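Comments concern the structure below.
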Amino acid sequence: MPKVHVLPDIVANKIAAGEVVERPASVVKELVENSLDAGAKSVTVEVEDGGRRRIRVSDDGEGMSREDALLALERHATSKIKDAGDIERILTLGFRGEALPSIVSVSRTVIETRRREDEFGTRVVVESGVFRDVTDSGRDPGTVVEVKNLFYNLPVRRKFLGAADTELRHLKTVLYEYAAASPEVSFSLVSEGREVFARKSGGGREEMLAEVFGETVANRMVTVEVEADGISVSG
């Protein structure tokens, strides 16, 4: 009997999840990136218990067809790469695939999505990486991903999560960074049913920085404009 064997996909996904999903903030990062790549103009993140019990990311982006919604949950599925050369030309963040198989393998996840051109959307229920239900969904265009009980099936990993306040702090940092980098998108963070952060799209850079980081920090920032060798950087 050979000593080397191929791991089942469910086991492999759980191992991969340890590389991609370290804590609730990692889940939020991946899901928000998906929303931005889907062209969302509004992203809302709702959490309970610092994201350990529940994370819900909703957007008004382009949504997915049923076929894409199911494919995005398969390992090595991506909309960014078709051949090896594309690896050198990635200009997107993560629509859709990439981290979703890892996330759904260590949680109970519900995905609802609909494209504007479709009469009905799709609702997918996945538990520990196993499909439980796929049905039609009457919903507005866009996507909602709800992740419940992160690492419930990996108690050792769950034990190393921080307290709710600690995880919420990490989560806020991720959302602040994307809000600062995407002034054309409205962001909202709701914790335990209370909005703790809101950033409306539009306005100037100074206004945006004040909303995200506070006026004291924003007033101490220095504008940077650099251009060299055909590359320009501003901030």
Side-chain angles (χ1 to χ4, degrees), residues 13-14 16-17 20-75 77-80 92-116 118 120-153 167-168 170-171 174-175 178-179 182 185-191:
N13 280 340
K14 287 182 180 179
V20 177
V21 184
E22 297 179 355
R23 58 192 342 135
S26 306
V27 174
V28 170
K29 173 185 180 295
E30 299 294 343
L31 297 183
V32 168
E33 286 184 353
N34 282 347
S35 295
L36 294 176
D37 271 355
K41 295 303 180 185
S42 177
V43 179
T44 299
V45 179
E46 301 170 64
V47 299
E48 295 176 10
D49 193 27
R52 300 184 304 180
R53 183 184 309 124
R54 176 175 174 265
I55 300 168
R56 185 178 189 271
V57 177
S58 56
D59 67 57
D60 61 353
E62 67 182 67
M64 290 182 285
S65 66
R66 173 169 293 200
E67 181 182 15
D68 280 344
L70 296 176
L71 280 173
L73 297 172
E74 299 289 341
R75 290 191 71 203
T78 178
S79 58
K80 299 191 295 185
T92 57
L93 296 169
F95 177 79
R96 284 277 180 180
E98 287 78 53
L100 277 178
S102 295
I103 292 172
V104 302
S105 72
V106 292
S107 67
R108 296 181 172 96
T109 304
V110 178
I111 300 173
E112 289 193 68
T113 185
R114 180 189 150 215
R115 300 182 300 177
R116 284 166 177 79
D118 295 334
F120 295 102
T122 299
R123 184 176 189 267
V124 183
V125 180
V126 191
E127 184 173 338
S128 191
V130 179
F131 285 95
R132 296 301 185 192
D133 197 21
V134 181
T135 57
D136 286 341
S137 171
R139 55 158 290 113
D140 292 334
T143 300
V144 176
V145 181
E146 186 172 55
V147 178
K148 295 182 178 179
N149 300 323
L150 188 64
F151 296 133
Y152 81 98
N153 54 354
E167 296 302 335
L168 182 61
H170 287 291
L171 198 149
V174 168
L175 203 60
Y178 283 104
S182 309
V185 180
S186 296
F187 287 88
S188 175
L189 173 61
V190 178
S191 175

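Residue numbers run from 1 in the order of the sequence given. No experiment lies behind these values; they were computed from the predicted model shown.
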Contacts of type salt bridge (charged side-chain N to carboxylate O under 4.0 Å, His left out), residue [X], not counting sequence neighbours:
X	result
Asp140	none
Arg23	Glu167
Arg66	Asp136

Below 4.5 Å, heavy atoms only, C-beta onward: do [X] and [Y] meet side chain to side chain?
X	Y	value
Val28	Ile55	yes
Val43	Val185	yes
Ile111	Thr122	no
Leu150	Val27	yes
Val47	Arg54	no
Val126	Val130	no
Val124	Thr109	no
Ile103	Val145	no

Quiz item: In terms of side-chain heavy atoms, does Ser42 have a donor or acceptor partner in Asp60 at a distance below 3.5 Å?
Solution: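 Side-chain D/A pair, Ser42 to Asp60: absent.
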
Minimum heavy-atom separation for [X] to [Y], with atom names?
X	Y	result
Leu100	Ala72	CB-O, 3.7 Å
Gly50	Leu171	O-CD1, 4.1 Å
Ser188	Leu175	O-CD2, 4.2 Å
Thr113	Ala69	CG2-CB, 4.1 Å

Between [atom1] of [X] and [atom2] of [Y], what distance do you get to the nearest 0.5 Å?
X	Y	atom1	atom2	result
Ser137	Asp118	OG	CG	11.5 Å
Glu22	His170	CD	NE2	10.0 Å
Phe151	Ser105	CZ	OG	8.5 Å
Met64	Arg114	CE	CZ	14.0 Å
Asn153	Ser107	CG	OG	8.0 Å
Glu48	Ser191	CD	OG	8.5 Å

Quiz item: Does the side-chain contact (heavy atoms from CB on, under 4.5 Å) test come out yes or no for Leu36 and Ser182, once each step is laid out?
Solution: CA-CA 9 Å; Leu36 294 176; Ser182 309; 3.8 Å; yes

Tell me, please, which residues at least two apart from [X] pass side-chain hydrogen bond (donor to acceptor under 3.5 Å, both in side chains).
X	answer
Asn149	none
Thr44	none
Arg139	none
Arg52	Asp49

Quiz item: For Glu127, which residues count as a side chain to side chain contact (heavy atoms under 4.5 Å, CB included) partner, sequence neighbours excluded?
Solution: Arg108, Arg132, Tyr152

Practice problem: Output, in order, the C-alpha distance, side-chain angles, deciding distance and verdict of side-chain contact (heavy atoms from CB on, under 4.5 Å) for Phe187 and Val32. | Solution: CA-CA 10 Å; Phe187 287 88; Val32 168; 4.0 Å; yes

Quiz item: Where the side chain of Asp59 meets the backbone of Thr143, is there a donor-acceptor pair that is under 3.5 Å apart?
Solution: yes

Quiz item: Yes or no on side-chain contact (heavy atoms from CB on, under 4.5 Å) for Ser65 and Arg115, after CA distance, side-chain angles and deciding distance?
Solution: CA-CA 6 Å; Ser65 66; Arg115 300 182 300 177; 3.6 Å; yes

Self-check item: Step-by-step side-chain contact (heavy atoms from CB on, under 4.5 Å) determination, Lys148 to Arg53
Solution: CA-CA 6 Å; Lys148 295 182 178 179; Arg53 183 184 309 124; over 6 Å; no

